[in-house]
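All of these numbers come straight from a predicted model, not from anything done at the bench. A, B, ... follow the sequence lines: proteins, then strands. Residue 1 opens every chain.
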2 protein chains.
Amino acid sequence: MQKGDVLFRQNQTTSGLYRVVSGCVTLQRTGMGGDTLTLHRAVSGGLFAEASVFSATYHCDAICTEAGSVTKIAKADVKATMQSNPAFSEGFTRLLAVQVQQYRAHIELLAIPSAKERILAAVQAGYFDATVTELATHINLSHEACYRALRGLCDDGRMLRVGRGKYSLS
Amino acid sequence: MQKGDVLFRQNQTTSGLYRVVSGCVTLQRTGMGGDTLTLHRAVSGGLFAEASVFSATYHCDAICTEAGSVTKIAKADVKATMQSNPAFSEGFTRLLAVQVQQYRAHIELLAIPSAKERILAAVQAGYFDATVTELATHINLSHEACYRALRGLCDDGRMLRVGRGKYSLS
DNA sequence: GAAGGCATATGATCAAGATCATAAAGAACC
DNA sequence: GGTTCTTTATGATCTTGATCATATGCCTTC
């Protein structure tokens, strides 16, 4: 899996869910204006497209953003294991429940009007694990606004610039 | 259950999920600034707080916005039934999977920059089933901007004003 | 090493939504 | 009927983030 590779695109028929062995995959949707929106970032050990097990088509694009490898788990296998193994079933359901709550938290984050406060909340929530540009697309900000807000937070003393493109909570 | 009643608040210990028999309940979170954000609206027949089955505490407030009644389903009952009834288990899991996709779609909706386009998308997605004010809190707009955008869409001929506070797609 | 691409960074300008203010219609309550 | 509250609705002003422009550092690739 190389950077830029497309694992699947939205509206494609679902075949199963994926586990990231190494590298990084983002789930994103492309608006009518060509603007991309990051919905999820899966790194080593993470799963993605879990909800596809109950859907006929994928609802977003899966793009590799860091070379590595993934394993696919077929829909049928998941369903069969859910039937036969209650523990797996509960685990899988819990996984989705956690996602529901994460998305709710994310929607709440997006509702924060001020760019600075939004970024601070995002950093505190551990969203900022990649590039600033990536963070920006994740939290509905232009990357310029994102850089400026980070700069502002550093000026306020609420964050620290620890290197080029590297910031941390103070 | 009267209008304004609180079914539960965030951070309270979870006891189970709910089914709305009649009336309406909204799940909302209150920001540090006192601003409220609507995360979900459950009407007759709808469930809410499903994800709480796998969580120790509720992650938002449940407020009655229209008098009616609800039934509570205990966490333990859900878990037990999931163990013994694979069909129920799959159904419940599917419910959460659908929610995950709905939230993703909602996040995508929130990413639409233009107020008019965002509202149009929200109306097409069937979000506009209550008041304009309610819709506004649901899609991260001030209610003033919401009224104005609706007016603009009517002027454009893309929507129709069918009465005071009533609009429909043209 | 040269070239190209991407992330970083900042400045200037502009448009769009937030905010504040005001008012009228409708519903709820006494 | 009168009072109060909410929703609807619109106007004026202001802030803020989007957009456009530009430049540099870093990494990859040839």
Side-chain angles (χ1 to χ4, degrees), chain A residues 2-4 24 26 31 33-38 63-67 109-120 122 128-156 159-168, chain B residues 2-5 23-24 26 31 33-38 63-67 109-120 122 128-156 159-168:
Chain A
Q2 291 306 306
K3 185 172 176 178
C24 179
T26 61
D35 48 315
T36 67
L37 169 69
T38 303
I63 315 282
C64 171
T65 54
E66 198 179 306
L109 185 99
L110 293 177
I112 299 173
S114 151
K116 275 158 74 170
E117 302 306 324
R118 184 143 93 234
I119 286 175
L120 196 60
F128 189 16
D129 48 3
T131 68
V132 175
T133 306
E134 225 287 323
L135 173 68
T137 69
H138 205 141
I139 61 174
N140 274 7
L141 279 180
S142 66
H143 60 96
E144 295 98 326
C146 211
Y147 286 117
R148 260 183 274 269
L150 281 165
R151 167 71 183 273
L153 286 164
C154 292
D155 290 350
D156 294 354
M159 287 195 66
L160 294 172
R161 212 192 97 112
V162 292
R164 189 184 158 78
K166 304 285 177 190
Y167 300 85
S168 77
Chain B
Q2 292 304 308
K3 184 173 174 176
D5 282 2
C24 180
T26 61
D35 49 316
T36 67
L37 169 70
T38 304
I63 315 281
C64 171
T65 54
E66 198 180 308
L109 186 99
L110 293 176
I112 299 173
S114 151
K116 276 158 75 171
E117 302 306 324
R118 184 143 94 232
I119 287 175
L120 195 60
F128 189 17
D129 47 2
T131 67
V132 175
T133 306
E134 226 286 323
L135 173 69
T137 69
H138 205 141
I139 61 174
N140 275 6
L141 277 180
S142 66
H143 58 97
E144 296 97 325
C146 211
Y147 286 118
R148 261 184 273 270
L150 281 166
R151 168 71 183 273
L153 286 165
C154 292
D155 289 350
D156 293 353
M159 287 196 66
L160 294 172
R161 211 192 98 113
V162 293
R164 188 183 159 79
K166 304 285 178 190
Y167 300 85
S168 77

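Between A:L109 and A:R118, the shortest heavy-atom contact is O-CD, 3.2 Å. When all heavy atoms of A:C146 and A:L135 are compared, the closest pair comes out as SG-CD2, 4.1 Å. In terms of heavy-atom proximity, B:L120 sits nearest to B:M159 at CD1-CG, 3.9 Å. When all heavy atoms of A:G165 and A:V132 are compared, the closest pair comes out as O-CG2, 4.2 Å. Contact record, B:C154 with B:Y167: SG-CD2, 3.7 Å, taken as the closest heavy-atom pair.
Considering only side-chain atoms of A:E144, the nucleotide from C:dT8, D:dT10, C:dT10 that sits closest is C:dT10. Which of C:dA9, D:dT8, C:dT19 sits closest to the side chain of A:R164 comes down to C:dA9. When the nucleotides C:dT8, D:dG17, C:dA18 are ranked by their closest atom to the side chain of A:L141, D:dG17 comes out on top.
The separation between B:K116 atom NZ and C:dG17 atom C1' is 13 Å, rounded to whole Å. For the pair A:R118 CZ and D:dA18 C1', the interatomic distance rounds to 12 Å; values are reported in whole Å. Note: CD (A:E66) to C1' (C:dA7) measures 15 Å, nearest angstrom. The separation between A:H143 atom NE2 and D:dC20 atom C1' is 11 Å, rounded to whole Å. When rounded to the nearest whole Å, the span between CD1 of B:I119 and P of D:dA9 equals 12 Å. Atoms CG (A:L150) and P (C:dA7) sit 16 Å apart, rounded to a whole Å. Spacing between atom CG of B:N140 and atom P of C:dA16 amounts to 19 Å, rounded to whole angstrom units. We find that CD1 of B:I63 is positioned 17 Å from C1' of D:dT6, with the value rounded to whole Å.
Between A:P113 and A:R161, it is A:R161 whose nearest contact on DNA chain C lies nearer the 5' terminus.
Residue B:Y147 places no side-chain N or O under 4.0 Å from the OP1 or OP2 atom of C:dA23. Proximity of B:T133 to the phosphate of D:dT6: no side-chain N or O atom is located under 4.0 Å from OP1 or OP2.
Helix-axis bend for the helix from C:dG1-D:dC30 to C:dC30-D:dG1: the local axis fitted to the five terminal pairs at one end deviates from that at the other end by 50°, rounded to 10°.
In this structure, B:R151 reaches the sugar-phosphate backbone alone: every heavy-atom distance under 4.0 Å involves primed, P, OP1 or OP2 atoms, never a base. If you check every strand for non-hydrogen atoms under 4.0 Å, A:T131 touches sugar and phosphate atoms only.
Within the 3.5 Å criterion, the main-chain N or O of B:A115 finds no donor-acceptor partner in the side chain of B:R148.
Side chain to side chain, B:T137 and B:T38 meet the donor-acceptor criterion of an N or O pair below 3.5 Å.
Contact of B:R148 with D:dG11 (side chain to base): a donor-acceptor pair of N or O atoms is detected under 3.5 Å.
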